[in-house]
Amino acid sequence: MDKTLKQKLEMLPIKIVQHLVGDTEYYKAVHVKTLIAQADKEFQELKSKIDWLNNLLDERNEEVLEKVRKMNEALPVVPECVGKMVEYAKKTKKSIRWFFTEDAYMFPEAMDWYAGSDKGLVDDIYAERQCSLINAFITGKYEVEKPQLFYLKNKLTRHYLYRRDKVSFGEQDYCKDRDDKPLDYCLFTQQEIDSMQTGSYEQIEVAE
């Protein structure tokens, strides 16, 4: 018997029936059925994960398999959009297979990331992302990666673009404060840049 299941059984309320020759102890059937159902659900989810990974990696080479093994042992690192998707799935009690249905497209950025459609990823990176997603969902433990940030510097004026508010922008000749720390309103993600017309601006990576 699984050790965890045995411990749970030991915690269940026991009903005692008295006889002339002694007492009989037994678990209430409803509690046992609930525990068995829970254990079966957890087993099926884990089995689905393993089966899916085996199918995905069946034709991959040893180098890729080793990468995935290491990822399975490490804490998954996922973008913020994927973290939100995982939290939604757990909160609404979705199964693993939900991530591969049309309903999951309510999180388009996350779908683009783990489906590899954002940059036409090669198979090994695609597999790694899928493993990160599944591990994050199964274990509930993951880290949210920090997106790469950029300054946008005008190629002509050499000034930096900054946000005045959500819809308007301006330029100034500095992008850091007196302590040499980046000014938040001068920082842009790649996603934001892709949605803007920045042809006259140079992208400068912000060092961590």
Side-chain angles (χ1 to χ4, degrees), residues 1-13 27-148 189-191 194-195:
M1 182 185 296
D2 179 79
K3 184 178 180 181
T4 304
L5 182 58
K6 184 177 180 181
Q7 290 173 343
K8 290 181 178 179
L9 282 171
E10 289 174 351
M11 296 171 61
L12 290 179
Y27 298 111
K28 290 185 178 179
V30 63
H31 295 297
V32 177
K33 288 180 180 179
T34 300
L35 265 183
I36 292 174
Q38 181 183 346
D40 184 61
K41 180 182 177 183
E42 292 174 356
F43 170 77
Q44 290 301 327
E45 288 184 348
L46 183 59
K47 185 176 183 300
S48 296
K49 172 190 173 184
I50 293 171
D51 289 346
W52 185 85
L53 286 175
N54 284 338
N55 290 334
L56 178 68
L57 301 171
D58 191 40
E59 298 180 358
R60 312 236 187 269
N61 60 42
E62 282 301 317
E63 182 181 351
V64 175
L65 286 171
E66 184 59 28
K67 282 185 179 179
V68 173
R69 288 191 192 103
K70 289 180 179 178
M71 282 197 65
N72 248 359
E73 296 170 359
L75 194 64
V77 180
V78 298
E80 184 178 3
C81 59
V82 175
K84 290 180 179 178
M85 185 185 201
V86 169
E87 290 305 312
Y88 170 83
K90 293 184 77 65
K91 185 177 180 180
T92 54
K93 299 182 179 179
K94 305 294 185 186
S95 69
I96 292 174
R97 299 192 182 280
W98 176 81
F99 291 92
F100 308 98
T101 66
E102 291 185 1
D103 290 343
Y105 275 94
M106 62 190 297
F107 295 91
E109 293 176 25
M111 291 288 284
D112 284 344
W113 178 83
Y114 77 75
S117 56
D118 58 341
K119 294 186 187 237
L121 297 175
V122 293
D123 285 349
D124 57 342
I125 298 178
Y126 166 75
E128 289 175 6
R129 289 188 174 188
Q130 298 269 337
C131 288
S132 292
L133 171 70
I134 291 175
N135 281 343
F137 176 70
I138 291 291
T139 66
K141 298 177 182 178
Y142 58 90
E143 291 181 359
V144 175
E145 67 181 3
K146 296 179 181 178
Q148 177 62 57
T189 65
Q190 186 63 57
Q191 183 181 351
D194 291 342
S195 68

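Residues take their numbers from the sequence shown, with the count starting at 1. These numbers were taken from a predicted model, which means no experiment stands behind them. Hydrogens, waters and symmetry mates play no part in the numbers below; they use all other heavy atoms, side chains included.
Between Val86 and Leu133 there is a side-chain heavy-atom pair separated by less than 4.5 Å. In this structure, the side chains of Trp98 and Met85 come closer than 4.5 Å at one or more pairs of heavy atoms. Considering only heavy atoms from C-beta on, Trp113 comes within 4.5 Å of Val78 through its side chain.
Rounding to the nearest 0.5 Å gives a distance of 11.5 Å between NZ of Lys84 and CD of Glu87. Between the CD1 atom of Ile138 and the CD1 atom of Ile96 there is a distance of 3.5 Å, given to the nearest 0.5 Å.
By the neighbour-count criterion of 12 heavy atoms within 6.0 Å, atom CD of Glu80 is sparsely surrounded, having that number or fewer from other residues, nucleotides or ligands.
Phe137 and Lys94 get closest at one heavy-atom pair: CZ-O, 3.1 Å. Across all their heavy atoms, Ser132 and Pro76 have their closest contact at O-CB, 3.6 Å. The two atoms that bring Pro79 and Val144 nearest to each other are C-CG1, 4.1 Å, heavy atoms only. Across every non-hydrogen atom of Phe99 and Met111, the tightest pair is O-SD, 3.9 Å.
For Tyr142, the ring-ring contact (aromatic ring centres under 6.0 Å, His included) test picks out no residue, with sequence neighbours left out.
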